[in-house]
Amino acid sequence: MSEELGILIGVTKPDQVTFESRRPVSIGEYVILNYGIDKVLGLVEKSSISSDALGSSIRNYEEAFESKQVAAENRRDKSYKGYVRILGYVAELKKCKAILPALPPEPGTEVYEASVKDLDAIFAPSGQQWVMIGTLLRNTGVGARVDINKVVSRHLAVLAMTGMGKSNLVSLLAKEIARISGTMVIFDYHDDYSTLDMGSNNINLLDGRINPRLLSADKLAEVIEIQENASNQMHVLRLVFTEDVKQRKGDDFWDALIHAASEVGADKLYREAAAKVVDKIDDARRKFHTILDPSMTDPLALLKNYKINIINLVELTERQANIAVSFYLEELLDDRKKATRQNKGAAKSQPRFPAPILVAIEEAHVFIPKDEDTDTKYFASKVAREGRKFGLGLVIVSQRPRGIDANILSQMGSLAVMRMIQQDDQMHISAASEALSRDLIDQLTSLNPGEAIFAGQWVNLPTFVKVDEVKERKIGGDQKAVEQWSQLAALKQQAAKESSESYIPSGYIQD
Ligand SMILES: Nc1ncnc2c1ncn2[C@@H]1O[C@H](COP(=O)(O)OP(=O)(O)OP(=O)(O)O)[C@@H](O)[C@H]1O
Ligand SMILES: [Mg+2]
């Protein structure tokens, strides 16, 4: 048994106890108590230090100064308290079961530091599905692993304020999934992942593009930016977006669409609307020529099995991105259903993806918003409900959890939460998920970048983790304005000096 840390005091409860400690204790530290039939693990959820001499009744500086000396001389002056949540018998936790002793421990029960051996067995179990993500925050000698099987089957939400390490964690998961030759699709809305370097051939980078021929008339209207309430224009588009037009490829498609819309304009009733539709098509064709591609083959065919597929959405408008993401979600779910049926010997055609896939959606509050029905929300909700059966996992990432649909959030079986100070974000998460206790949520304000609480099915226990930093990620970090400005100024100065030395008239260097 390791060193005695303290002794239980006050009223004890089966799941919560307080101890008086020899030293200050950190939030997130694990402790061992000996009672019931075996060793029991506890987590320090709150910690305090108080001093008898330096109590809150002190009225002025002189009194504080004298009391400080009294406190320094008196060994009994300081009180270090740890408030502990009882997590369960150690032996059972090693088998992924949380069983609490029925009775509370007696006050006077000794509290010990948890040993690396016990913690390793609980937080870093062996087995291929347990991948290493970092270390325990307060016990840095102990690795923190997560169960990737549970991420794929029961989904994950990664939530934190901006710049706290969400994309870093997703990159780390991607790296680990690449290492075990898994298949992942990341919708990259801010070009955060294109420089992710796996040191091998495991990445498939592609630009998010949409084949307009595969859309419904309503979705085509959205991507070419026809307003929802422009009912005449919508009518014209529905009339002209015929099966025949959909068969045309490349420029032929746009020409046929414009031609058909102009023809509808012959009818006086729709002349104005048809002219606007022709303009919209023409504009979209020019403005979005890199995004709307009527000659592309099935977009699903661009994704590769057993690779990390990163779909760059940076050039797409929000509505276009929404349509692209929903398209992929729908198709991937269909394909995985087909694969599952095939395994049961019932599929008619070959699936593209014979093995499970993990899909990550950044900016989840945009794509899966609380107060609006988007296409992505519809299919994300389907994946959240049905994905488990078909091997399609969802990771939703957001810096604005309060903006995410509560229903979908509640279907995320696991959580990674980093620093978050907004009360309404915290309350939204706590209402949607049982995995995080109120006490844990209260700790979110005290976390630093890269520090997280993991909870839910991908861990045996709620865990405070120091997530490893993915060093190869080249962007996503903050831009250093002052350094960049001074570097540029120095370059300019240097250029000016060189040009004056070579008798080039001043003013030649452009500002
Ligand atoms: N585990 C970590 N350890 C150390 N530093 C980290 C860690 N995770 C992130 N950081 C630092 O924080 C910066 C921001 O990280 P990241 O891009 O992952 O944040 P984010 O939460 O995705 O931000 P945003 O909301 O803006 O997308 C990184 O460039 C890195 O410097
Ligand atoms: Mg990010």
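Order of listing sets the numbers, starting from 1, for every ligand and every atom in it. The first residue of the sequence shown is numbered 1, and numbering continues consecutively from there. Worth saying up front: this structure is predicted, and the values here are computed from it rather than measured.
- The V467 neighbourhood of ligand 1 comprises atoms 1 (N), 2 (C), 3 (N), with distances under 4.0 Å to a heavy atom of that residue.
- Taking all heavy atoms of A452, G450, G165 into account, the minimum distance to atom 19 (O) of ligand 1 is reached by G165.
- Less than 4.0 angstrom separates some heavy atom of D468 from each of these atoms of ligand 1: 1 (N).
- Look at Q399 and the Mg ion (ligand 2): no N/O/S atom of the residue is under 2.8 Å from the metal.
- Atoms of ligand 1 lying under 4.0 Å from at least one heavy atom of K166, given by number and element, are 18 (O), 19 (O), 20 (P), 21 (O), 22 (O), 23 (O), 24 (P), 25 (O).
- Distances below 4.0 Å separate heavy atoms of N168 from the following atoms of ligand 1: 1 (N), 2 (C), 7 (C), 8 (N), 9 (C), 18 (O).
- The distance from the OG atom of S446 to the CZ atom of R419 is 8.0 Å, given to the nearest 0.5 Å.
- Using a cutoff of 4.0 Å between basic side-chain nitrogens and carboxylate oxygens, R438 and D442 are scored as salt-bridged.
- Between the side chains of N204 and N309, a donor-acceptor pair is found at a separation under 3.5 Å.
- The existence of a salt bridge linking K95 and E92 is confirmed by a sub-4.0 Å separation between a basic side-chain nitrogen and an acidic carboxylate oxygen.
- At distances below 3.5 Å, not a single donor-acceptor pair connects side-chain atoms of S47 with backbone N or O atoms of I27.
- Looking at R319 and E225, no side-chain N of the basic residue comes within less than 4.0 Å of a carboxylate O on the acidic one, giving no salt bridge.
- Within the 4.0 Å heavy-atom criterion, the part of K466 lying near ligand 1 is the side chain and not the backbone.
- Checking K46 against S48 by side-chain atom types alone, no donor-acceptor pair falls below 3.5 Å.
- Backbone and side-chain nitrogen or oxygen atoms of P449 are examined, and none is located within less than 3.5 angstrom of a nitrogen or oxygen of ligand 1.
- Distances from atom 22 (O) of ligand 1 to the heavy atoms of G163, G134, S398, S167 show the closest one on S167.
- Summarising the contacts of atom 5 (N) of ligand 1 with E469, E363, H190, the nearest heavy atom is found in E469.
- Annotation: T162 places an N or O atom under 3.5 Å from an N or O atom of ligand 1; distance criterion only.
- Side chain to side chain, Q494 and E498 meet the donor-acceptor criterion of an N or O pair below 3.5 Å.
- Of all the heavy atoms of V397, none lies under 4.0 Å from any atom of ligand 1, so neither backbone nor side chain is involved.
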